[in-house]
Structures are given as structure tokens and as C-alpha cells.
Amino acid sequence: MESLTVDELPSPRLGFEPDADLLCEYCLTLARLLTNRAVTPEMEQTLIGLMFELVSYFAGELKAPRWVRTGKGVKLIAEVENEDREWVP
């Protein structure tokens with residue numbers, strides 16, 4: 001838990017944000033395609049690059065902070081981010 005806890009909120013992430021289960025499924029499907037050689041050599045090179053990018057992104061997400069230290073103790077980052085948003089009717 002300590003390695004996933006920060007003192008300040010991290011910068012917001014942009015763009016691609018699949019949940020962990022979907023991201024894992026993407027990686028598994030690409031791995032199956034590549035291992036079964038069900039693609040042309042040209043497609044294989046592109047998919048290898050995509051696989052690298054997805055696995056790197058997935059690893060980064062798994063290592064990303066989940067908690068932040070606040071004046072009221074350690075809280076989930078999502079909780080703190082939601083507290084900062086004002087509700088507008």
C-alpha cells in the first residue's frame with residue numbers, strides 16, 4: 001500500500017482509460033493472435049508494437065498511485081478528486 005500512496009494528487013490522465021479487466025482482455029487477445037500466427041507478417045509487426053504499448057500502459061496502471069495522504073488521513077485518490085468537484089444543478 002505504501003508504494004501506491006502519494007503526498008499530492010497526481011496529474012489527471014488523458015485519453016485511453018479502459019478498466020483493468022478490459023485492458024487485460026485486450027492484451028490476452030493480441031497475445032493469442034500473435035502466438036497462433038493468425039495474421040500477415042506486416043500485421044504482426046503492427047500488432048507487436050500495439051501489444052508493447054498496451055502492456056506498458058497496463059503495467060503503468062498497475063503501478064499508479066491509488067491513495068493520497070491528506071490532512072484527514074490516507075484516502076483513495078478517486079474520493080479526493082470527487083470531493084474537489086463542485087455539484088452544479
Side-chain angles (χ1 to χ4, degrees):
M1 186 171 166
E2 183 60 30
S3 67
L4 299 175
T5 304
V6 293
D7 294 322
E8 296 179 15
L9 285 176
S11 301
R13 289 177 256 158
L14 303 174
F16 187 64
E17 293 186 25
D19 66 25
D21 291 335
L22 185 56
L23 189 56
C24 187
E25 188 62 31
Y26 289 159
C27 293
L28 287 171
T29 300
L30 279 171
R32 286 183 192 124
L33 274 173
L34 291 167
T35 358
N36 291 331
R37 299 237 180 240
V39 295
T40 66
E42 295 81 21
M43 291 170 62
E44 183 176 342
Q45 288 304 306
T46 301
L47 291 174
I48 287 171
L50 177 58
M51 180 74 172
F52 173 80
E53 294 295 332
L54 281 172
V55 170
S56 297
Y57 180 85
F58 191 25
E61 284 298 303
L62 292 174
K63 295 177 188 175
R66 303 288 189 261
W67 296 276
V68 62
R69 291 178 194 88
T70 70
K72 297 177 183 178
V74 176
K75 291 186 168 190
L76 281 170
I77 289 174
E79 284 179 34
V80 175
E81 289 173 340
N82 287 335
E83 288 173 2
D84 291 342
R85 292 185 187 132
E86 291 184 36
W87 183 77
V88 178

Using side chain to side chain donor-acceptor pair (under 3.5 Å) as the criterion, list what pairs up with [X], not counting sequence neighbours.
X: Arg32; answer: none
X: Glu8; answer: none
X: Asp7; answer: Arg69

*Do Leu33 and Phe52 sit in the same hydrophobic cluster, where Ile, Leu, Val, Met, Phe, Trp and Tyr count as joined when their side-chain heavy atoms come under 4.5 Å apart?*
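No; Phe52 is not reachable from Leu33 via cluster members.
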
- Query: Honestly curious: do Leu22 and Leu54 fall in one hydrophobic cluster under the side-chain, below-4.5 Å linking rule?
  - Reply: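 Yes; tracing contacts between hydrophobic side chains, which count when under 4.5 Å, links both residues.
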
side-chain contact (heavy atoms from CB on, under 4.5 Å) partners of [X], counting only residues at least two apart:
X: Ser3; result: none
X: Leu34; result: Glu44, Leu47, Ile48, Met51
X: Leu62; result: Phe58
X: Thr46; result: none

Scanning both residues in full, the closest heavy-atom pair of Ile77 with Leu9 reads CG2-CD2, 3.9 Å

In this structure, CD of Glu25 is separated from CG of Asp19 (nearest 0.5 Å) by 11.0 Å

dist Glu61:CD -> Arg66:CZ (nearest 0.5 Å) comes out at 6.5 Å

- To which residues is Met1 joined in a hydrophobic cluster, defined by side-chain heavy-atom contacts under 4.5 Å among Ile, Leu, Val, Met, Phe, Trp and Tyr, whether direct or through other members?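 Leu4, Trp67, Val74, Leu76, which link up through side-chain heavy atoms under 4.5 Å apart, make up the rest of the cluster.
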
